There are 2 protein chains.
Amino acid sequence: MELTPLGCCSPMVREPLTPDQAEGLAGSFKALGDPVRLRLLSLIASHAGGEACVCDLTGEFDVSQPTISHHLKVLREAGLLTSERRASWVYYRVPAGALAALALLLDETPGAVRRTSLSRTTNPRRSRSPI
Amino acid sequence: MELTPLGCCSPMVREPLTPDQAEGLAGSFKALGDPVRLRLLSLIASHAGGEACVCDLTGEFDVSQPTISHHLKVLREAGLLTSERRASWVYYRVPAGALAALALLLDETPGAVRRTSLSRTTNPRRSRSPI
DNA sequence: TGTCAATATGGACGCTGGTCGATGTCGATG
DNA sequence: CATCGACATCGACCAGCGTCCATATTGACA
């Protein structure tokens, strides 16, 4: 995380991610890398009031209630959901900007200026500096 | 996939993803859910000319060459990389729009208008229709 | 044609992660 | 206080994934 947007395009496209950045981001994307979790996120975000209780969700899936609870926990620990207990029910919502932060990282502003290079005919080895 | 952007915000926030859509998207995010793959993607995208050969990449990691090759294959099969052989070397690049497509899906246009709902005091059961 | 360098593939191994049933916790309600 | 419903936690099982080493494939070049 802690990527400073200052140039033409997203940090990921402008300069290599550090191992630490990659580790953190991979955690977020891993949380999105399950169809049940994606649908949960989408169901909650699109639900009335931008929130939904677990009882609104369990019936939409073919998996058990503990499994839903598990996926909600994964999303919450990834910062993609917040939960709040009201009476007997627990309401989940997508915190503002949680998804947008990842979107920003992936967006590659199409008109970005890139250095161009010719195809090499000699062995490039492990060149750390561009041609 | 095949999400038609027509309303206020991203498909994911506007309406629930179908199981099929979620399945496809989860595949893409799963490919991004590994720190080595994220760094590979970033290294390639930020490299001179927007492309890099495998020899530019292997030295940057503490994992073996076959492992790098494996991760490149995963990214390629997810549509996040294309490869082209030139002479002895294979050059990888990020196809235009590949990342932007995912970014679009996550972006939740902050000013989006949402229906509001009061906290419930009666049992919501599994309400498919909003209050 | 033989050799070498760059990259991919195959097989194996250990660990992570998605799933379940059983059970615990917490709040409401009588 | 007892009970019930909503949700979370626990422990177990098994498929899948990341990793490695060994080896195959491909193209350049002598």
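What you see is a predicted model, and the numbers here were worked out from it, not measured in a lab. By convention in this document, chain letters (A, B, ...) are assigned in the order of the sequence lines, proteins followed by strands, and residues within each chain are numbered from 1.
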Give a yes or no answer on whether the side chain of [X] reaches the backbone of [Y] with a donor-acceptor pair at less than 3.5 Å.
X       : Y       : value
B/Arg14 : A/Ala45 : no
A/Gln21 : A/Thr18 : yes
B/Thr67 : B/Val63 : no

Counting side-chain heavy atoms from CB outward, which of [options] is closest to [X]?
X       : options               : answer
B/Ser69 : C/dT19, C/dA6, C/dA8  : C/dA8
B/Pro66 : D/dA6, D/dT19, C/dT9  : C/dT9
B/Trp89 : C/dA6, D/dT19, C/dT19 : C/dA6
B/Ser88 : D/dA8, C/dA6, D/dG18  : C/dA6
A/Val54 : D/dC7, C/dT9, C/dA28  : D/dC7
B/His70 : D/dG18, D/dA8, C/dT19 : D/dG18

Along DNA chain C (nearest heavy atom to each residue), the more 5'-positioned of A/Asp62 and A/Arg85: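 Looking at DNA chain C, the more 5' nearest nucleotide goes with A/Asp62.
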
Single-linkage hydrophobic cluster, 4.5 Å side-chain cutoff, A/Val90 and A/Leu43 together: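 Hydrophobic grouping puts A/Val90 with A/Leu43.
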
Can you tell me if [X] touches the phosphate of [N], counting only side-chain N or O atoms and a distance under 4.0 Å to OP1 or OP2?
X       : N      : answer
A/Tyr92 : D/dA8  : yes
B/Arg37 : D/dG18 : yes
A/Thr67 : C/dG18 : no
B/Ser64 : D/dT19 : no

Figure out the [atom1]/[atom2] separation between [X] and [N], and round it to whole Å.
X       : N      : atom1 : atom2 : result
A/Leu72 : D/dT9  : CG    : C1'   : 14 Å
B/Glu84 : C/dA6  : CD    : C1'   : 16 Å
B/Glu77 : C/dA8  : CD    : C1'   : 12 Å
A/Tyr91 : D/dC7  : OH    : C1'   : 13 Å
A/Leu75 : D/dC7  : CG    : C1'   : 16 Å
A/Leu32 : C/dG17 : CG    : P     : 15 Å
B/Ile68 : C/dA8  : CD1   : P     : 11 Å
A/Lys73 : C/dT19 : NZ    : P     : 16 Å

N/O donor-acceptor pair, side chain B/Gln65 with base C/dA6, under 3.5 angstrom: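 Absent.
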
A/Tyr92 six-ring centre to A/Arg76 NZ/CZ under 6.0 Å and within 45° of normal: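 The answer is no; the distance or angle limit is not met.
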
Touch class at under 4.0 angstrom, heavy-atom based, for A/Arg76 against every strand present: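 Nothing, no nucleic acid heavy atom in range.
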
Complementary nucleotide for D/dA8 - Watson-Crick or wobble, under 3.5 Å: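 Partner of D/dA8: C/dT23.
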
Test log, rule side-chain contact (heavy atoms from CB on, under 4.5 Å), inputs B/Leu102 and B/Leu32: CA-CA 11 Å; B/Leu102 293 176; B/Leu32 294 176; 3.9 Å; yes

